[in-house]
**Student:** 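Shown below is the structure under consideration.
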Amino acid sequence: MTKWIEKIESAQTPSQIEEIRIAIFGKKGELTAAFAQMKDAPNEDKPRIAKELNDHKARLNALLNEKKVSLETEALKEAMKAEGIDASLYSPRSQRGATHPVMDTMDRVIEYFTNLNFSVETGPMVEDDFHNFEALNLPKYHPARDMQDTFYFKDEKLLRTHTSPVQIRTMMKTKPPIRMIAPGSVFRRDYDITHTPMFHQVEGLLVDEKGKVSFANLKFILEGFLHHMFGDVEVRFRPSFFPFTEPSAEVDISCIFCAGEGCRVCSKTGWLEVLGCGIVDPNVFDAVGYKDVSGYAFGLGIERFAMLIHQIPDLRSLFEGDIRLLEQFR
Ligand code: DAH
């Protein structure tokens, strides 16, 4: 009995415990044999021997089970220690994420205007003719509708072709004065190295009492903005046309690749066109029921800015989801 107790106590592994169990209780086990021999004992001794053997059986069984559990717990602890992860260990190869260049550029635009107290407004991507065209002084027959190739749905709805409809929605739900930008995705039937069917724009609108808003105000704001985005560049305003503004202008910066010398990117002109703007056309204010107000508006494409800032040659690469592009912006 003591021999077995010692053996159990000195066992090192659960499988050794099983070996001992077999040596005691197995077919050829010691205790099994002792039980078998009982039949040869004198009858009057049998109850005593049986009790003794049963006591041994119970004691040894309990010890075996106890030891087995403790060895198994021990083994599990060891395994966990070996496989565990030390989250505090420094790994020089750890991978940091990156902000997509389009979103990064968007954030920089929003940052500039929210610092000047412009609010950030949003509107639906599935628009109607009124907000996307009509109210922006683009009536049905107007040739300027051809400037944008539109995705139409069956039920007169369309995917907005610019973020300008958010101007209309914001004016219709609030009273002047207004100072807002509207960042968001827009959609056009276009696909080549500088166009994708989905891209991003930021629209800007400022409205105040009649006579309070001038082209000089617009110029001042946009010059500050373009310096924020491109650093020390020259800015020029060129007369242009948009249905929703009058007068309208397109804004150029001196080419950031050749500093105005003339190169491939600026088509040898020394200038890069970056946005459209103007004084809000009175027809737009009429459409939303605004009276005795004046305002300016502007609109720009985020991808165009991102391409210039990061020198990305093919716009489509921004939407291919190739990790090798994103890795360059960590
Ligand atoms: N909506 C124009 C476009 O998508 C951009 C634009 C130009 C917006 C001039 C304006 C603006 O508000 O005044 O091309």
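We count residues from 1, following the sequence as given. Order of appearance sets the numbers: ligands from 1, and atoms from 1 within every ligand.
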**Student:** Looking only at non-hydrogen atoms, find the nearest pair between Asp252 and Glu273 and report the distance.
**Tutor:**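 Reported closest heavy-atom pair: OD1-CA, 3.2 Å.
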**Student:** If you group Ile, Leu, Val, Met, Phe, Trp and Tyr whenever their side-chain heavy atoms sit less than 4.5 Å apart, what else falls in with Phe220?
**Tutor:**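 Phe220 clusters with nothing; isolated.
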**Student:** Using a 4.0 Å cut-off on heavy atoms, what residues surround ligand 1? Order them by chain and number.
**Tutor:**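 Contacts of ligand 1 under 4.0 Å: Gln148, His162, Ser164, Gln167, Arg188, Gln201, Glu203, Phe242, Phe244, Thr245, Gly276, Cys277, Gly278, Ala297, Phe298, Gly299.
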**Student:** Mind jotting down which residue pairs meet the ring-ring contact (aromatic ring centres under 6.0 Å, His included) criterion with at least one end in residues 298-328? Sequence neighbours excluded, please.
**Tutor:**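 Those involving residues 298-328 are Phe113-Phe298, Phe225-Phe305, Phe230-Phe305, His310-Phe329.
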**Student:** What closest approach, in Å, do Ile110 and Pro183 show between heavy atoms, and which atom pair accounts for it?
**Tutor:**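 Nearest heavy atoms, Ile110 then Pro183: CD1-CG, 3.9 Å.
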**Student:** Looking only at the side chains, is there a donor atom on one of Arg59 and Asn54 sitting less than 3.5 Å from an acceptor on the other?
**Tutor:**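 No pair is found: no donor N or O on one side chain lies under 3.5 Å from an acceptor on the other.
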**Student:** Name the atoms and distances for all side-chain donor-acceptor pairs under 3.5 Å in residues 70-79, with sequence neighbours left out.
**Tutor:**
from	atom 1	to	atom 2	distance (Å)
Ser70	OG	Lys67	O	3.4
Thr73	OG1	Val69	O	2.7

